[in-house]
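Given the structure is predicted, the values throughout are model-derived calculations rather than measurements. Below, read A as the first sequence line, B as the second, and so on, with proteins coming before strands; counting in each chain starts at 1.
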Amino acid sequence: EDKVVQSPLSLVVHEGDTVTLNCSYEVTNFRSLLWYKQEKKAPTFLFMLTSSGIEKKSGRLSSILDKKELFSILNITATQTGDSAVYLCAVGTGTASKLTFGTGTRLQVTL
Amino acid sequence: GAVVSQHPSRVICKSGTSVKIECRSLDFQATTMFWYRQFPKQSLMLMATSNEGSKATYEQGVEKDKFLINHASLTLSTLTVTSAHPEDSSFYICSAREGKETQYFGPGTRLLVL
C-alpha cells in the first residue's frame, strides 16, 4: 500500500520565522511529488517535483526532492500570517498518476 | 490558466435523495479527472478516476453504484451521490489533470445530508 507521511502534524511560528515541512513516502511506481496549500476550500497547487536535487522556488517558498532517501521538504522563509494553512504533500504513481496524499501539516503563523 | 470549477459549492438534501455535482475544467481539456472526499481535519481520499469516454475506475471500498461518475466530455465530469444518507455528508473535491502529472483542484462541494 502506498504511504505518504508528513511531519510535523502541526506547527505554530511567529511572523518572520522560517519553517521546513517534511514529506516522506513509500510507493510503487513513483512519478512525481506535489505540494499543495489548503486554506478553507480546495487545495491550490504549489510545486511539482520529479527530479532529485533540483530546487523549485516561488517567492518565499521553495521545495526539493530526494528520490534516494524518498523525501521532500517545503521551506517557507519570512513567514506571514497569510501563510497559515494546511500544506499537503501528494505523490503521483502509476500510468494514471493517481495521487496519494499525506495527512498534511497545519501551519499557523502568529503576529 | 488551469482553472477548475465545481457546482454547486454547497448542498443540503434529505436522506434518500440523489445529488449531482459537476466538475469543469475551464481553460484546458482534461481526459482524466479525479474525485476525492475529505472529512474534517483529514486528508483527501481518492474515490475514483474519471476517464473521458470510458468507465470510471473506483478505489477499493468505494461503491460504484452509489457514486455514479460520468465523464461525457473533455471538460466535464459529474459525480452523482445516489440515495444519499447522513454518513455521505462530506466535502467532495474534484481535480483535473493538465498534461501528464499536475492535478488542479476545484473549489469543492460541501454536502450535508439530513
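In terms of hydrophobic clustering, with Ile, Leu, Val, Met, Phe, Trp and Tyr side chains grouped at heavy-atom distances under 4.5 Å, B/Ile69 and B/Val62 are assigned to a common cluster. Side-chain heavy atoms closer than 4.5 Å link hydrophobic residues (I, L, V, M, F, W, Y) into clusters, and following such links, even through other members, never connects A/Leu88 to A/Tyr25. Side-chain heavy atoms closer than 4.5 Å link hydrophobic residues (I, L, V, M, F, W, Y) into clusters, and following such links, even through other members, never connects B/Val11 to B/Leu76. No continuous path of ILVMFWY side-chain contacts below 4.5 Å connects A/Ile64 to A/Leu70, so the two sit in separate hydrophobic clusters.
Rounding to the nearest 0.5 Å places CZ of A/Phe45 at 12.5 Å from OG of B/Ser95.
Nearest heavy-atom pair across B/Phe91 and A/Gln38 is CE2-NE2, 4.4 Å. Across B/Lys41 and A/Arg106, no two heavy atoms sit closer than the pair CG-NH2, 4.1 Å. The nearest pair of heavy atoms linking A/Leu34 to B/Gln103 is CD2-N, 4.2 Å. A/Ala42 and B/Phe105 get closest at one heavy-atom pair: CB-CB, 4.1 Å.
Interface remark: B/Glu59 contributes side-chain atoms only to the contact with chain A (heavy atom separation under 4.5 Å). With a threshold of 4.5 angstrom between heavy atoms, A/Gln6 does not approach chain B through any atom at all. For A/Leu99, the parts lying under 4.5 angstrom from a heavy atom of chain B are both the backbone and the side chain. For a residue to count as touching a neighbouring chain, one of its non-hydrogen atoms must lie under 4.5 Å from one of that chain's; by this rule B/Leu44 touches chain A with backbone and side chain alike. If you measure heavy-atom distances from B/Thr49 to chain A, the contacts under 4.5 Å come from the side chain alone.
For A/Thr103 (side chain) and B/Ser43 (main-chain N/O), no donor-acceptor pair under 3.5 Å exists by modelled atom type.
With ring centers used as reference points, B/Tyr36 lies under 6.0 Å from A/Phe101.
The local environment of NE2 in B/His7 is sparse, with at most 12 non-hydrogen atoms from other residues, nucleotides or ligands closer than 6.0 Å. Atom CD of B/Glu87 sits in a crowded spot, with more than 12 heavy atoms from other residues, nucleotides or ligands closer than 6.0 Å. At most 12 non-hydrogen atoms from other residues, nucleotides or ligands lie less than 6.0 angstrom from CD of A/Glu26. In this structure, A/Lys98 places its NZ atom where only 12 or fewer heavy-atom neighbours from other residues, nucleotides or ligands lie under 6.0 Å away. The neighbour count for A/Lys3 NZ, taken as heavy atoms of other residues, nucleotides or ligands under 6.0 Å away, does not exceed 12. Within a 6.0 Å radius of NZ in B/Lys66, more than 12 heavy atoms belonging to other residues, nucleotides or ligands are found.
Contact count against chain A (heavy-atom pairs under 4.5 Å) is highest for B/Arg97 among B/Gln6, B/Gln42, B/Arg97. With chain A as partner, the option from B/Pro107, B/Ser9, B/Gly108 having the largest number of non-hydrogen pairs under 4.5 angstrom is B/Pro107.
Proximity of A/Ser32 to B/Thr102: side-chain heavy atoms (C-beta onward) are nowhere separated by under 4.5 Å.
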